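Working notes, beginning with the structure itself.
So that the names make sense, note that chain A is the first sequence line, chain B the second, and so on, each numbered from 1. It should be emphasised that the depicted structure is a prediction, and the values quoted were computed from it without experimental measurement.
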Protein chains: 2
Amino acid sequence: MTSRQNRRDRSDRGIPEATVARLPVYLRALTGLQERGVATVSSEELAAAAGVNSAKLRKDLSHLGSYGTRGVGYEVEYLVYQISRELGLTQDWVVAIIGVGNLGRALAGYGGFASRGFRVAALLDADESIVGEEIGGMTVRHIDRLEDVIADHGVSIAVIATPAAAAQGLCDRVVASGVTSVLNFAPVVLQVPDGVDVRKVDLSIELQILAFHEQRKAGGPDEYGPRPGQDAGHYVETVRRDARPGNGNGMTRAAEFTESAT
Amino acid sequence: MTSRQNRRDRSDRGIPEATVARLPVYLRALTGLQERGVATVSSEELAAAAGVNSAKLRKDLSHLGSYGTRGVGYEVEYLVYQISRELGLTQDWVVAIIGVGNLGRALAGYGGFASRGFRVAALLDADESIVGEEIGGMTVRHIDRLEDVIADHGVSIAVIATPAAAAQGLCDRVVASGVTSVLNFAPVVLQVPDGVDVRKVDLSIELQILAFHEQRKAGGPDEYGPRPGQDAGHYVETVRRDARPGNGNGMTRAAEFTESAT
DNA sequence: GGATGTGAACCGATTCACAGCC
DNA sequence: GGCTGTGAATCGGTTCACATCC
């Protein structure tokens, strides 16, 4: 504060990315406590509820400011507000959902959006048989209207929930319309200009990561684990063709164009 | 340094977590190339397709072994196979989807699963009006049958796509039935014993992270950045109540129990 | 020549451990 | 006495830059 070298005031702009990614988790834990009428919480308790350790929690919160009380803990309501403000949830964000398949519908009906300042203002799809349908009090518009809709509603975040093949083209269009934040559910790596943020949620990638770890469990952590015996550090080329892919289990089946859940 | 016995073979079991998380992305990029008939790819090209830089890609792949050819690049088909094997995708994984709302349906119909060795063997829900319904050639079973279904099909990965309130209880049940990998879409932090892996996909957290960055863009990086006006670094108690949450924009609205998209 | 594979330098994030304050 | 806030140590991951090999 006044005494020490500031310029890194609190409310510092440099919140680490890893911290930002956890703030929503803390916020959720806090609103849970709030609903149960808890007024004050220690870093230990909150950390447990959020699934992290307390040192990390304290460090994270320290990036926002000094909002706790030594010997006591954090005031729940106050911390909810501070985190909300930091994340930008005290203002409304206008969201458009592009692609109204099962996933798009799930997103449209998701209670967690509205309650956190996200207002879904438009649903768009290319499928004529869906256009006009009412979902959650909203009418599905045709994708041709994308640019109008973005401009009219002041959309600032686009959610892409289309098949992979359509995603990049639609992304280009929303970016051209001035949207700088995109949440992508389609299984493609979207290319965007600098200044545009893309976050990706990929259902099958998460499963693959689980499979990796699951595979290692089978046989016990140290059984098959360190892989004893053979193969101590030689990646000899002559061994390469021993087992061929692409036939037995369909790994080469075309997957990219049918994946998304629209 | 060498205090603990250090077995650093190739085909080392110690693939960094960050690398594991990217392997599915590389795999997807590679299968895309494969479908376009590309036989060989350089780290530069593959990195671009996967949205990472080439040094990182090479380092990542080096953890699997030495599968490239200097001066040439990587053979696509071979690399697809090696990554698949490393991730455990050359075997089949039996998946149960718990919660058959919009999200569960989206997941059930997701082509990206089957094509990568994930076999959805069961759909379960508590809602009697859904039980018995046919979805993607599968009949929805009642959640009471959970334990039977897991045992009968040898389920090894459970996907939880239920409302938040139901998630922990169901998680406990699948874990008790021997499942050690859980993919959680419900907006709660699941508590599980050691040895069980949980991965979480949270739709609203991703949006919140985008909102954070979007907020900072408005006004330019250093313009509005430090957020002038009120609250320049004093966490004085008397100021604390100046702006109240939880009325204007619904921050305190109960959110935890209605969020998931089921 | 041209690409991979990899030590070494670097950087950010996590954890430790304790000073500071209630 | 108890709990926060934070320097210092540590760890893991990224990037650099170049030796290595086809």
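No donor-acceptor distance shorter than 3.5 angstrom exists from the side chain of A:Thr69 to the backbone of A:Val72, with no hydrogens or angles considered.
The distance between atom CZ of A:Arg58 and atom P of C:dA17, rounded to the nearest whole Å, is 13 Å. A straight line from NE2 of A:His63 to P of D:dT6 spans 10 Å, rounded to a whole angstrom. Atom pair A:Ile15:CD1 and C:dT14:P shows a separation of 14 Å (rounding to whole Å applied). For the pair B:Arg70 CZ and C:dG2 P, the computed distance is 17 Å after rounding to whole Å. Protein atom CG of A:Asp60 is 13 Å distant from nucleotide atom P of D:dT6, rounded to whole Å. Across the protein-nucleic acid pair, B:Glu75 atom CD and C:dA3 atom P stand 17 Å apart, rounded to whole Å. When rounded to the nearest whole Å, the span between CD of A:Glu44 and C1' of D:dG2 equals 12 Å. In this entry the distance linking CG of A:Leu61 with C1' of C:dT14 reads 15 Å, nearest Å.
Contact annotation: the side chain of B:Val95 approaches that of B:Val159 to within less than 4.5 Å [non-hydrogen atoms, C-beta and beyond]. Side-chain contact between A:Thr31 and A:Leu33 is absent, with no heavy atoms from C-beta onward closer than 4.5 Å.
Not one side-chain nitrogen or oxygen of B:Ser42 sits closer than 4.0 Å to the OP1 or OP2 atom of C:dA3. Applying the 4.0 Å criterion to OP1 and OP2 of D:dT4, one finds that A:Ser43 has a side-chain N or O inside that range. For the OP1/OP2 pair of C:dT14 and a distance below 4.0 Å, the side-chain nitrogens and oxygens of A:Arg22 include at least one atom meeting the criterion. The phosphate of C:dT14 has neither OP1 nor OP2 within less than 4.0 Å of any side-chain N or O from A:Asn53. The side chain of B:Tyr67 contributes no N or O atom lying less than 4.0 Å from OP1 or OP2 of C:dA3. Under 4.0 angstrom from either OP1 or OP2 of D:dG5 there lies at least one side-chain N or O belonging to A:Tyr74.
Residue A:Lys56 has its side chain nearest to C:dT15 when only C:dT6, C:dT15, D:dG5 are considered. Set against C:dT14, C:dC22, D:dC16, the side chain of A:Ala18 has C:dT14 as its closest nucleotide.
Residue-level contact check: B:Glu17 touches the backbone only, with heavy atoms under 4.0 Å from sugar-phosphate atoms and none from bases.
Each of B:Gly73 and A:Gly71 lies near DNA chain C, and the nucleotide nearest B:Gly73 is the one positioned closer to the 5' end.
Heavy-atom minimum distance, B:Ala186 versus B:Ala167: CB-CB, 3.6 Å.
Each of B:Tyr78, B:Tyr81, B:Tyr26 was evaluated against B:Tyr67; a single residue qualifies, B:Tyr78, per the ring-ring contact (aromatic ring centres under 6.0 Å, His included) test.
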